[in-house]
Amino acid sequence: WIVPPSHPDSVAFEAAASRGLARGTLVVAAAGNEGPGGGLRSPANVPSVMAVGAVDNALLTAGFSSRGDINVAAPGVDVKVLRPGESVDF
C-alpha cells in the first residue's frame, strides 16, 4: 500500500523530517521495492526525506526498485555483506 503525501502518516513524516533538516539532520529512506509500476513508498515520498533507489551491477535501475522522484541511487543487487563474526581482508 502506497501512502499518499496527504495521508496523516506522510504528514507526520514530513513534519519530523523538516524539523530534522532545520537542525542539520537528513532523513534518508529507501524508495521501495514496487518496481516500475509503483511509486515512492512512505516515508521516501515526502519532500524533506531523501529517497534512495537501487541500481544493479550495470548501474541500471534495479528491476524491483520503485520509480519516482529518486534523489540518489545505490547498489541494491548482489550486495556483499558480512555476518556477525565474519571478516574480510582488503
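What you are looking at is a predicted structure, and each value in this text was computed from that prediction instead of being measured.
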Counting distance only, does the side-chain N/O of [X] pair as donor-acceptor with the main-chain N or O of [Y] below 3.5 Å?
X: Asp56; Y: Ala62; answer: no
X: Arg67; Y: Ser65; answer: yes
X: Ser48; Y: Ala17; answer: no

Transitive ILVMFWY cluster of Val77, excluding itself - 4.5 Å side-chain cut-off
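Grouped by the 4.5 Å side-chain rule, Phe64 form the rest of the cluster around Val77.
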
With rounding to the nearest 0.5 angstrom, report the OG1 to CZ distance, Thr25 to Arg19.
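Result: 12.0 Å between the selected atoms.
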
Please report the interatomic distance CG(Asp69) to CG(Asn45), rounded to the nearest 0.5 Å.
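Reported value, rounded in 0.5 Å steps: 10.0 Å.
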
Under a 4.5 Å side-chain heavy-atom rule over Ile, Leu, Val, Met, Phe, Trp and Tyr, are Met50 and Val27 clustered together?
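In one cluster with Met50: Val27, no.
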
Heavy-atom pair of closest approach, residues [X] and [Y]:
X: Val55; Y: Ala73; value: CG1-CB, 3.6 Å
X: Ser66; Y: Arg41; value: OG-CG, 4.2 Å
X: Ala51; Y: Asn71; value: N-OD1, 2.7 Å
X: Ile70; Y: Ala31; value: CD1-CB, 3.3 Å
X: Ser10; Y: Val46; value: O-CG1, 3.5 Å

Between Leu26 and Leu21, does a side-chain contact (heavy atoms from CB on, under 4.5 Å) hold up when you go through it step by step?
CA-CA 6 Å; Leu26 175 64; Leu21 278 176; 3.8 Å; yes

